[in-house]
Amino acid sequence: MSSPLHDVILNLSGRQAPAPVTALGEALRLRFGTHLLAVLFYGSCRRLHDDADGIADLYLLVDDYRSAYGRCLPALANRVLAPNVYYLEIPFAGRIVRAKYAVLSLRQFERGTVHWFHSYLWGRFAQPCGLLYAADEAINRRVVQALGRAATTFARQILPRLPAQFDAEVLWTRGLLLTYAAELRPERPGRIRAHYADSATEFMAIARAIALEQGWDITPAGCYRNPSTRRQRWFSACGWVARRAQGKLLSLLRLLKASFTFDGGIAYIAWKIERHSGVKVEITPLMRRFPLLGAIGAFWRTWRLGGFR
């Protein structure tokens with residue numbers, strides 16, 4: 001069913017991706033075969049429309065974990081603590097292109113964009129993203145609908161934390177600060193503002209579509225009036241404290257799991273920690289040999305230096 005938000009999401013998700021990213025998506029389609037239902041493209045490479053930033057961020061939606069992997073252990077890990085994260089590199093036009101891709105079932109993706117307490121999914125996919133591949137038109141519709149629901153969930157959870165009047169930039173910058181703070185990456189406000197500026201037109205289009213769908217009052221200056229009550233603001237503040245605690249724990253567990261599923265996992269963890277906390281972790285031969293112990297040691301050192309605060 002068409003709506004302002006559905007139409008905006010459909011338009012944004014259908015935009016052409018850079019050729020190297022399309023090639024990465026095609027390689028993954030061949031790897032997972034008929035069990036792959038959709039491939040989503042998000043993150044800095046998508047915002048800048050360029051894979052030169054380093055590693056493209058992809059999300060693979062599959063029909064069933066056991067069938068997609070052909071093995072029990074990764075299927076169980078994905079079901080217990082989704083998603084599993086992997087690494088891919090392929091040759092393209094005389095160079096190597098790389099992707100970090102996460103695997104999630106379509107059913108779990110649909111639930112997570114609405115019903116998960118933590119913002120891991122709806123915080124990511126409320127933002128503009130691309131749909132590289134959909135198995136058929138029905139899957140395309142389901143994914144677009146889930147992206148729209150992620151945007152409305154994001155807005156509903158962020159709204160009580162906003163001032164009495166706000167614009168699209170305030171909605172997204174304050175909202176993203178909250179969602180990033182609920183993981184291992186408490187991004188600085190300047191970085192968030194730059195993130196917004198990279199895709200401001202898209203963020204404004206999504207915000208306006210949400211406002212129309214949710215019935216927010218719009219001022220003559222183009223700002224939105226916040227209908228949140230004092231009670232809603234109090235419960236929201238408590239909820240975000242809980243999300244932050246939950247998210248730190250879940251992020252640590254996901255990174256520990258990634259040390260096994262991600263090729264060069266301990267190096268990836270060290271890069272991730274330095275990027276988001278500023279703490280440089282030196283990788284020793286012992287850490288490479290025993291990635292789980294190495295990951296625990298890296299987290300301990302980072303915590304002692306204040307990287308997770």
(message) If you define the side chain from C-beta out and look only at heavy atoms, does anything of Val62 sit under 4.5 Å from Leu106?
(response) no
(message) Ignoring hydrogens, what is the shortest heavy-atom contact between Arg243 and Ser119? Give both atom names and the distance.
(response) CD-N, 4.4 Å
(message) I need the Leu147 CG to Cys129 SG distance, nearest 0.5 Å.
(response) 4.5 Å
(request) Considering non-hydrogen atoms only, spot the tightest contact between Leu61 and Val143 and give its length. (result) CD1-CG2, 4.0 Å
(message) Is it true that Arg156 and Gln214 share a donor-acceptor pair across their side chains at a distance under 3.5 Å?
(response) no
(request) List the atom of Ala17, the atom of Thr22, and the distance in Å for their closest heavy-atom pair. (result) O-OG1, 3.8 Å
(message) Has Ser251 got a side-chain atom pairing as donor or acceptor with Lys248's backbone, closer than 3.5 angstrom?
(response) no
(request) Please examine the side chains of Leu81 and Arg254, heavy atoms only from C-beta on, and report whether any two atoms are closer than 4.5 Å. (result) yes
(message) Trp122 and side chain to side chain contact (heavy atoms under 4.5 Å, CB included): which single residue from Gln127, His115, Gln157 fits?
(response) Gln157
(message) Surrounding CZ of Arg225 (heavy atoms of other residues, nucleotides or ligands, distance under 6.0 Å), is the total greater than 12?
(response) yes
(message) Checking Asn84 against Tyr65: is there a side-chain donor and acceptor pair closer than 3.5 Å?
(response) no
(request) Would you please classify the geometry between the Phe32 ring and the Tyr101 ring as parallel, tilted or perpendicular, with 30° and 60° separating the classes? (result) perpendicular
(request) To the nearest 0.5 Å, tell me how far Leu131 CG sits from Arg15 CZ. (result) 14.0 Å
(request) Before accepting this row, confirm whether a basic side-chain N of the pair Lys100/Glu89 lies closer than 4.0 Å to the acidic partner's carboxylate O. (result) no
(message) For Gln108 versus Arg79, what's the shortest heavy-atom pair and its separation?
(response) NE2-O, 4.1 Å
(request) With rounding to the nearest 0.5 Å, note down the distance linking CZ in Arg174 to CG in Leu171. (result) 10.5 Å
(message) Other members of the hydrophobic cluster containing Trp234, with the 4.5 Å side-chain heavy-atom rule, please.
(response) Phe235
(message) Restricting to non-hydrogen atoms, name the atom on Ala27 and the atom on Leu88 that form the minimum distance, rounded to 0.1 Å.
(response) CB-CD2, 4.3 Å
(message) Nearest 0.5 angstrom please: Leu5 CG to Glu213 CD, how far?
(response) 5.0 Å
(message) So Leu60 and Leu104, do their side chains get closer than 4.5 Å, heavy atoms only?
(response) no
(message) Please enumerate all residues that pass salt bridge (Lys or Arg N to Asp or Glu O under 4.0 Å) together with Arg29, with sequence neighbours excluded.
(response) Glu26
(request) Step by step, work out the salt bridge (Lys or Arg N to Asp or Glu O under 4.0 Å) result for Glu183 and Arg124. (result) CA-CA 12 Å; Glu183 297 190 27; Arg124 277 169 172 75; 2.7 Å; yes
(message) If you compare all heavy atoms of Gly25 against all heavy atoms of Leu58, which two are closest, and at what distance to 0.1 Å?
(response) N-CD1, 4.4 Å
(message) Nearest 0.5 angstrom please: Arg141 CZ to Asp136 CG, how far?
(response) 8.0 Å
(message) Apply salt bridge (Lys or Arg N to Asp or Glu O under 4.0 Å) to residues Arg46 and Glu202 and explain how you reach the verdict.
(response) CA-CA 12 Å; Arg46 194 265 173 195; Glu202 296 179 330; 2.7 Å; yes
(request) Could you note down all residue pairs passing ring pair (Phe, Tyr, Trp, His ring centres under 6.0 Å) where residues 126-153 supplies at least one of them, sequence neighbours left out? (result) none
(message) Please enumerate all residues that pass ring-ring contact (aromatic ring centres under 6.0 Å, His included) together with Tyr42, with sequence neighbours excluded.
(response) Tyr59, Phe125
(request) Name all residues meeting the side chain to side chain contact (heavy atoms under 4.5 Å, CB included) criterion together with Leu76; count only those two or more places apart in sequence or in a different chain, and write none if there are none. (result) Val80
(message) What I'd like to find out is whether the side chain of Leu162 reaches to under 4.5 Å of the side chain of Ser228, using heavy atoms alone.
(response) no
(request) Answer yes if Val103 and Ile90 sit in the same cluster of Ile, Leu, Val, Met, Phe, Trp and Tyr residues linked by side chain heavy atoms under 4.5 Å apart, and no otherwise. (result) yes
(request) For residues Asp63 and Ser105, determine if any side-chain heavy atom of one lies less than 4.5 Å from a side-chain heavy atom of the other. (result) no
(request) Could you note down all residue pairs passing ring pair (Phe, Tyr, Trp, His ring centres under 6.0 Å) where residues 145-169 supplies at least one of them, sequence neighbours left out? (result) Phe154-Trp172, Phe166-Trp216, Phe166-Tyr224
